[in-house]
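Before any comments, here is the structure.
The shown structure was predicted, so the numbers you read here are calculated from the model rather than taken from an experiment. Note on naming: letters A, B, ... go to the chains in the order of the sequence lines (proteins, then strands), and numbering restarts at 1 for each one.
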Amino acid sequence: MNVKNGGGFAIPVQAPAPLPADELLSLREIDSFTEELLTQPEVEPRLRTICDFWVPARADWALVTLTEHPSGVLKIAAIAHRDAQRGNALLERLRGQPYKPQDRLFSSEASGEIALRLQFGDRHIGVLHLGIPPAEPVNAQLLERIASRSAVGLHNAQLFEQQRKIALSFQNAALTTELPRIEGLRFDAVYEAGQAEALVGGDWYDAFAVADGRIVLSVGDVAGSGLEAAVAMTSVRQAIRGVAQVHPDPAVMLAAAERTLRLQHKDLLVTAFVAVLDSVTQECAYANAGHPPPLLRTEDGAVRALRIGRPPLGLWEFGSRFIVHHAHVPPGSLLLLFTDGLTEATRDILEGESRLRAALEASDILVYDNVARRIHEVVLGQRSLDDVAILSVRIESAREVWRWRLDPMWADAAARVRTEIRAILAAEAFSAPHQTDFEVIFSELMSNMLRFAPGTAEVILEQHGEDFVLHVLDKGAGFLFVPQLPPDLFSESGRGLFLIANLSRDFSVVRRPGGGSHARVVLLQKDGATQ
Amino acid sequence: MSILDHSQEGARIDAVRRYDILDTPQDGNFDRITAFAAELFDVPIALVTIVDQDRIWFKSRHGLEEVDEISRDPGLCASAVLDDLPYVVESARKDPRTLANPLVSGSFGLQFYAAAPLKTADGHRLGTLCIIDREPRVFSPRQAAFLERLAQIVVDEMELRISALRVIREAKGATVSL
């Protein structure tokens with residue numbers, strides 16, 4: 001056959017000569033060995049493949065040691081013997097023990113020993129020791145080729161496991177969450193990294209309290225896997241946490257997450273759900289960006305999804321806003337947040353969803369303290385292939401609080417409430433200056449009520465560990481809090497609320513779903529400092 | 001809270017009869033007062049009640065369409081007419097005076113009650129002007145004083161009404177006898 005090149009010269013090409021039979025066999029053997037080796041990405045299965053190639057077909061025994069870096073010590077990683085039981089027993093006893101090439105584990109055997117260095121470039125991977133029966137010499141070329149492929153295979157597997165370990169520890173560190181301890185609420189959570197995926201994914205859950213005692217819940221899923229997904233997940237989760245401390249509004253938190261994603265991880269898509277739970281009013285405000293809607297089980301056993309439609313983060317349209325919805329969560333309610341790994345394990349979403357619903361509707365679900373774990377067990381069993389994050393919140397009992405309903409228009413009614421609260425604070429050893437702070441705060445709140453929200457108000461005093469939170473709820477037109485100083489410092493409208501903000505540890509006013517406002521003031525206590 | 005004095009109660013029932021008001025139709029003047037009371041105190045229900053021998057009958061019932069009389073169980077209106085001072089129950093489920101009353105313990109769900117007795121010039125307490133809510137509330141002395149003033153207006157209305165009735169009856173009687 002002749003091949004013309006551009007210049008018109010013909011280059012003779014010789015057809016390859018047929019290979020000798022034994023060489024052909026060797027190539028086939030090497031090929032199938034390599035294919036087998038690549039089936040699993042981890043070290044342990046590859047060691048097994050290597051041993052299985054030699055023992056018992058071509059060798060009496062095989063022993064693989066791997067170099068421990070950086071010490072350089074060789075440690076036993078795999079042992080196989082013609083007598084399988086003996087091989088396993090030895091491995092169990094000696095795995096991880098140092099073994100030098102001079103050591104002769106099988107010195108009593110009749111076989112001749114070969115030791116092959118497993119080397120990848122200038123990296124010493126380990127040593128392959130083989131016991132070859134004297135009557136069956138082994139093809140040197142085969143030996144060398146298998147050894148070199150073994151070295152490459154083991155090197156890659158080690159790299160893979162190292163990467164995975166880094167991503168996992170990173171993710172574990174990022175996800176370590178101590179669930180809040182709040183009277184009347186019970187939390188449980190499960191996180192499992194996927195097994196089918198080569199590397200860890202980007203699922204997360206989070207639950208924490210903010211200064212005024214509200215609880216923020218979040219759950220989400222960064223598309224993709226590996227370290228990049230894990231890092232993006234942490235960024236988004238932290239953005240939500242950060243904003244929550246200043247403004248625990250679900251729409252604002254999702255907007256912050258969206259912004260973080262656009263700035264730092266432009267090409268990733270994230271689904272996220274954020275909720276703010278108020279155990280005093282038993283209300284839950286939430287917003288969703290493309291994430292599977294959480295399920296709410298009410299006391300009567302009915303289960304419904306907290307559904308609203310918004311696209312995932314990363315598909316942000318300029319100027320679009322997340323909408324906040326509300327759900328009532330009285331004692332006896334159970335909220336379940338999760339990622340799609342829970343419902344898509346069998347790849348049949350409808351089947352997964354109905355399994356989940358059934359598990360949640362079951363009347364015995366309330367018996368379990370660890371609801372998230374129970375759900376995981378019932379819905380997935382052993383079948384978890386993808387990442388799964390599950391967070392459950394059970395509202396067990398109403399918060400014990402001091403509560404007054406009054407019309408601030410009647411000054412003596414307001415005065416009485418103020419006196420009663422003052423007595424409670426005094427009994428709790430509030431210092432005199434901080435009691436005065438309370439007096440001012442209360443007066444300002446009542447004045448604002450009179451001006452902007454006439455009618456009945458609800459005043460609640462709540463104890464949170466060491467903190468006291470004063471709530472004032474009204475039904476009226478409501479007033480908006482402007483956190484910065486008004487242009488006229490002595491103007492009636494802005495000054496009062498500015499005062500409150502400066503005399504307290506934390507102050508916020510939010511619109512209530514049914515109309516009116518809810519003001520929350522975290523009172524300064526024994527040694528609190530102003531902001 | 002004073003105990004039911006049977007001789008006093010007898011005189012009181014006579015006074016109730018004299019005002020000729022039980023089982024009469026709804027009257028705009030009284031309804032205006034209960035509406036005003038409900039608005040002023042921001043409560044859903046305000047009533048003008050007349051305490052009869054074995055029942056409590058509502059002359060005006062703002063916010064309560066279904067019922068126009070109830071039995072005379074202890075607590076609430078039945079107790080309110082036993083004293084001249086306003087009768088206030090801020091949290092009915094916790095108050096020993098009222099927690100057994102069916103309106104409190106039952107499905108009606110009464111949790112707040114404040115009443116000023118309707119006191120005639122000769123000192124008889126015919127019934128109450130009362131306000132009701134289904135959630136507890138704080139009720140101050142000033143608020144109670146206002147309620148008393150409104151109750152006085154109700155009594156004035158009743159006096160005017162009974163005087164007018166007498167005049168009409170006398171005129172009729174004169175006509176008939178002619």
Side-chain angles (χ1 to χ4, degrees), chain A residues 280-283 328 330-331 397-424 442-443 445-462 470-478 512 514-518, chain B residues 33-47 62-64 76 85-95 97-99 103-104 107-116 129-153:
Chain A
V280 168
T281 58
Q282 295 171 2
E283 296 284 330
H328 189 48
S397 58
R399 294 292 315 281
E400 289 228 359
V401 296
W402 293 272
R403 207 184 281 264
W404 298 264
R405 268 179 89 230
L406 73 152
D407 188 341
M409 178 176 92
W410 303 89
D412 59 342
R416 195 180 106 199
V417 175
R418 194 175 70 228
T419 305
E420 291 184 12
I421 297 180
R422 196 197 303 142
I424 296 167
F442 190 81
S443 297
L445 284 170
M446 291 294 114
S447 316
N448 267 279
M449 294 279 311
L450 285 173
R451 283 176 53 105
F452 301 109
T456 307
E458 201 169 356
V459 174
I460 296 171
L461 185 66
E462 179 200 5
L470 180 68
H471 302 252
V472 177
L473 294 89
D474 68 72
K475 325 175 277 199
R512 299 173 68 194
S517 308
H518 182 158
Chain B
I33 296 171
T34 49
F36 179 73
E39 178 89 28
L40 176 69
F41 297 115
D42 195 19
V43 288
I45 296 168
L47 312 169
H62 176 91
L64 195 66
L76 306 179
L85 295 173
Y87 180 88
V88 178
V89 180
E90 288 185 347
S91 186
R93 285 187 193 155
K94 296 189 184 151
D95 195 316
R97 298 174 291 172
T98 54
L99 50 84
L103 290 176
V104 176
S107 58
F108 183 79
L110 188 154
Q111 289 209 60
F112 166 78
Y113 176 88
L129 169 66
C130 64
I131 52 172
I132 289 170
D133 199 344
R134 287 189 171 90
E135 294 215 47
R137 16 178 4 113
V138 167
F139 199 69
S140 72
R142 275 192 71 216
Q143 288 174 295
F146 258 75
L147 192 63
E148 277 185 299
R149 268 178 246 162
L150 282 175
Q152 190 54 58
I153 295 173

Distance (rounded to the nearest 0.5 Å) between Arg405(A) CZ and Asp133(B) CG: 4.5 Å
Residue among Asp407(A), Leu406(A), Val417(A), Thr456(A) with most heavy-atom pairs under 4.5 Å to chain B: Thr456(A)
Note, Glu420(A) side chain near Val138(B) side chain (heavy atom, < 4.5 Å): no
Electrostatic pair Arg137(B):Glu458(A) at N-O distance under 4.0 angstrom: no
Engaged part of Glu90(B) at the chain A interface, taking heavy atoms whose separation is under 4.5 Å: side chain
Mutual orientation of the aromatic rings belonging to Phe41(B) and Trp410(A) [parallel < 30°, tilted 30-60°, perpendicular > 60°]: parallel
Contacting region of Phe139(B) [heavy-atom separation from chain A under 4.5 Å]: backbone
Option in Pro141(B), Ser140(B), Pro136(B) with maximal non-hydrogen atom pairs under 4.5 Å from chain A: Ser140(B)
Asp412(A) side-chain N/O to Arg142(B) backbone N/O, donor-acceptor pair under 3.5 Å: yes
Ser91(B) side, atom OG; Arg403(A) side, atom CZ - distance, nearest 0.5 Å: 11.5 Å
